[in-house]
Amino acid sequence: MKTPKKKPADSPVDSLLEKRLSDFSVNKSKENYIRLLDAFHCTDVLVPSALPADKLPFGNKGGLAPLTFKPEIIFFKPLNKNMLPLFSNRSQIPDNHAFGKTFYMHCSGWIKIFYSARCDGVILNPFSELSFVLTPDQIRLLSQFKMTANDYR
């Protein structure tokens with residue numbers, strides 16, 4: 001007897017964020033916009049780190065300096081902006097694009113990264129047919145969403 005194959009955890013069908021993005025692309029109503037922002041708030045996304053520099057991170061006395069997360073920031077020529085890319089799942093990251101490691105982050109995490117990176121905005125699935133740009137104003141609005149019990153991890 002064959003056992004049924006399980007779907008990967010990050011398949012596009014399972015992503016609430018991708019479903020809400022698809023709904024919003026079809027109908028740009030106020031309700032669909034709020035649902036999309038809410039999906040951003042409650043869905044973990046992949047945030048790529050920048051490629052490591054060639055030099056070793058040693059401090060003044062020869063010890064390793066504390067490592068901090070440095071996000072990948074990409075200049076998008078059509079937008080004429082430096083953006084922080086986010087990905088709804090691994091299949092959205094092209095094989096030929098060089099990033100450092102990618103990390104799943106909750107909304108509060110990547111918002112902190114955004115503010116420390118000093119970029120022009122955030123772009124979800126930038127190499128996909130359906131991508132979405134969040135401006136600093138939208139990110140500020142998103143940061144004011146009330147936290148739920150699941151957000152306290």
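Positions are given from 1, in the same order as the sequence printed here. Just so you know, these numbers come straight off a predicted model, no measurement behind them.
- Residues I111 and I139 meet the side-chain proximity criterion, which asks for heavy atoms closer than 4.5 Å.
- Taking OG from S15 and CG from N89, the interatomic distance works out to 6.5 Å, rounded to the nearest 0.5 Å.
- Put simply, the side chain of L17 reaches to within 4.5 Å of the side chain of F40, judged on heavy atoms.
- To the nearest 0.5 Å, atom OG of residue S131 and atom CD1 of residue I123 are 4.5 Å apart.
- Residues F87 and P126 have side chains in contact (heavy-atom distance under 4.5 Å, counting atoms from C-beta outward).
- The CZ atom of R20 lies 8.5 Å from the SG atom of C42; values are rounded to the nearest 0.5 Å.
- Within the 4.5 Å cutoff, the side chain of K81 has no heavy atoms near those of the V133 side chain.
- Applying the side-chain hydrogen bond (donor to acceptor under 3.5 Å, both in side chains) test to residues at least two apart or on different chains, the pairs with a partner in residues 133-143 are Y33-Q138, T135-Q138, D137-R140.
- Geometrically, K112 does not engage F114 in a cation-pi contact defined by less than 6.0 Å to the ring centre and at most 45° from the axis.
- Taking OG of S91 as the start and CG of N125 as the end, the distance is 8.0 Å to the nearest 0.5 Å.
- For the residue pair D120 and M83, the shortest heavy atom distance occurs at C-SD, 4.1 Å.
- For the atom pair CZ (F132) and CG (L36), the distance works out to 5.0 Å, reported to the nearest 0.5 Å.
- In this structure, the side chains of Q92 and L124 stay at 4.5 Å or more apart for every pair of heavy atoms.
- Side chains of R35 and D23 form no contact here, defined as non-hydrogen atoms less than 4.5 Å apart.
- Side-chain contact between L134 and L37 is present, with at least one heavy-atom pair separated by less than 4.5 Å.
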Check: residues 71-79 side-chain donor-acceptor pairs under 3.5 Å, at least two apart:
none

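- T43 has its side chain out of reach of S88: every pair of non-hydrogen atoms, C-beta onward, lies at least 4.5 Å apart.
- In terms of modelled atom types and a separation under 3.5 Å, the side chain of S116 and the main chain of I113 share a donor-acceptor contact.
- Rounding to the nearest 0.5 Å places CG of L21 at 11.0 Å from CG of L16.
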